[in-house]
Amino acid sequence: MGLTADVELNLKDAGLIEFFNKNRPVFKVIAGKAYAFAYDYVHATGLPLRHDDVAKSLTAALVANESLRDFLATKKLRQNFWNVRFADLILDRLWKELTDEYTSAHP
């Protein structure tokens with residue numbers, strides 16, 4: 001679905017934007033792996049890779065991320081949509097970097 005203004009405001013209010021900024025390198029690695037995974041199966045179809053293609057595998061990885069789980073528990077953010085919204089934030093912030101790095105490494 002991608003990051004919308006109202007979702008970004010909710011993430012900011014919940015402290016997740018600051019959490020992302022403090023842990024950016026960790027989440028970039030996770031997002032890079034999700035990007036590569038999604039690229040491999042989407043590229044074979046001849047279609048362009050989209051945020052939502054990557055968000056599926058990224059969300060699955062975030063559900064298991066201990067630091068994010070602890071943060072969400074501390075803030076009492078128990079609903080699953082927080083992982084989806086956080087994935088959208090990560091991809092919004094890192095999409096160009098992920099695309100540039102992956103395509104330069106896999107011409």
Side-chain angles (χ1 to χ4, degrees):
M1 177 168 119
L3 188 66
T4 61
D6 62 323
V7 169
E8 184 166 350
L9 290 171
N10 288 335
L11 290 166
K12 181 181 178 190
D13 292 345
L16 280 160
I17 293 178
E18 183 179 348
F19 178 76
F20 167 76
N21 290 336
K22 287 181 180 176
N23 297 283
R24 189 179 193 281
V26 171
F27 291 113
K28 184 175 179 186
V29 169
I30 296 168
K33 291 177 182 179
Y35 187 99
F37 175 77
Y39 182 89
D40 287 345
Y41 72 79
V42 171
H43 183 69
T45 69
L47 296 171
L49 184 64
R50 296 174 175 93
H51 285 173
D52 287 350
D53 297 318
V54 179
K56 288 180 182 181
S57 53
L58 178 55
T59 299
L62 292 175
V63 168
N65 182 275
E66 197 65 35
S67 64
L68 179 58
R69 290 174 59 84
D70 289 346
F71 182 86
L72 293 174
T74 300
K75 296 285 190 167
K76 296 181 175 36
L77 304 173
R78 295 182 176 92
Q79 302 88 349
N80 264 348
F81 65 79
W82 288 107
N83 291 304
V84 174
R85 289 176 175 176
F86 192 63
D88 289 339
L89 172 73
I90 292 169
L91 294 175
D92 182 77
R93 297 298 197 265
L94 298 176
W95 188 257
K96 182 164 177 20
E97 287 178 56
L98 295 169
T99 302
D100 291 349
E101 290 173 13
Y102 193 83
T103 55
S104 69
H106 301 87

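FYI, side chains are in, hydrogens and waters are out, and symmetry mates aren't considered; it's all heavy atoms of this structure. Computed from a predicted structure; not experimentally measured.
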Donor-acceptor list for residues 28-38 side chains, cut-off 3.5 Å, not counting sequence neighbours:
from, atom 1, to, atom 2, distance (Å)
Lys28, NZ, Glu97, OE1, 2.8
Lys28, NZ, Glu101, OE2, 2.7
Tyr35, OH, Thr99, OG1, 3.3

- side-chain contact (heavy atoms from CB on, under 4.5 Å) against Asp92, all qualifying residues, sequence neighbours excluded: Leu3
- Message: Within the structure provided, determine whether Asn80 and Thr59 are in side-chain contact (heavy-atom separation under 4.5 Å).
- Response: no
Pairs under 3.5 angstrom only: tabulate donor-acceptor contacts from the side chains of residues 62-77 to other protein residues two or more places apart or in another chain.
from, atom 1, to, atom 2, distance (Å)
Asn65, OD1, Ser67, N, 3.2
Asn65, OD1, Ser67, OG, 2.8
Asn65, OD1, Leu68, N, 2.9
Arg69, NH1, Val63, O, 3.2
Thr74, OG1, Asp70, O, 2.8

- Not counting sequence neighbours, which residues clear ring-ring contact (aromatic ring centres under 6.0 Å, His included) with Tyr39? List them please. His43, Tyr102
- Item | Euclidean distance, Leu58 CG relative to Ile90 CD1, rounded to 0.5 Å | 5.0 Å
- Counterpart residues, side-chain hydrogen bond (donor to acceptor under 3.5 Å, both in side chains), relative to Lys12 (two or more places apart): none
- Would Leu91 and Leu9 show up in the same hydrophobic cluster when neighbours are defined by side-chain heavy atoms closer than 4.5 Å? no
- Message: Let me check something: do Val84 and Phe86 share a hydrophobic cluster, defined by ILVMFWY side-chain heavy atoms less than 4.5 Å apart, either directly or through other members?
- Response: no
- Item | Set of residues satisfying side-chain hydrogen bond (donor to acceptor under 3.5 Å, both in side chains) with respect to Arg93, sequence neighbours excluded | Glu8
- Leu94 side chain near Arg24 side chain, heavy-atom distance below 4.5 Å: yes
- Message: The criterion is side-chain hydrogen bond (donor to acceptor under 3.5 Å, both in side chains); which residues satisfy it with Asp100, sequence neighbours excluded?
- Response: Lys96
- Worked verdict on Trp95 versus Leu49 for side chain to side chain contact (heavy atoms under 4.5 Å, CB included): CA-CA 11 Å; Trp95 188 257; Leu49 184 64; 4.1 Å; yes
- Message: Applying side chain to side chain contact (heavy atoms under 4.5 Å, CB included) to Val7 and Asp88, what does each step give before you reach the verdict?
- Response: CA-CA 9 Å; Val7 169; Asp88 289 339; 5.6 Å; no
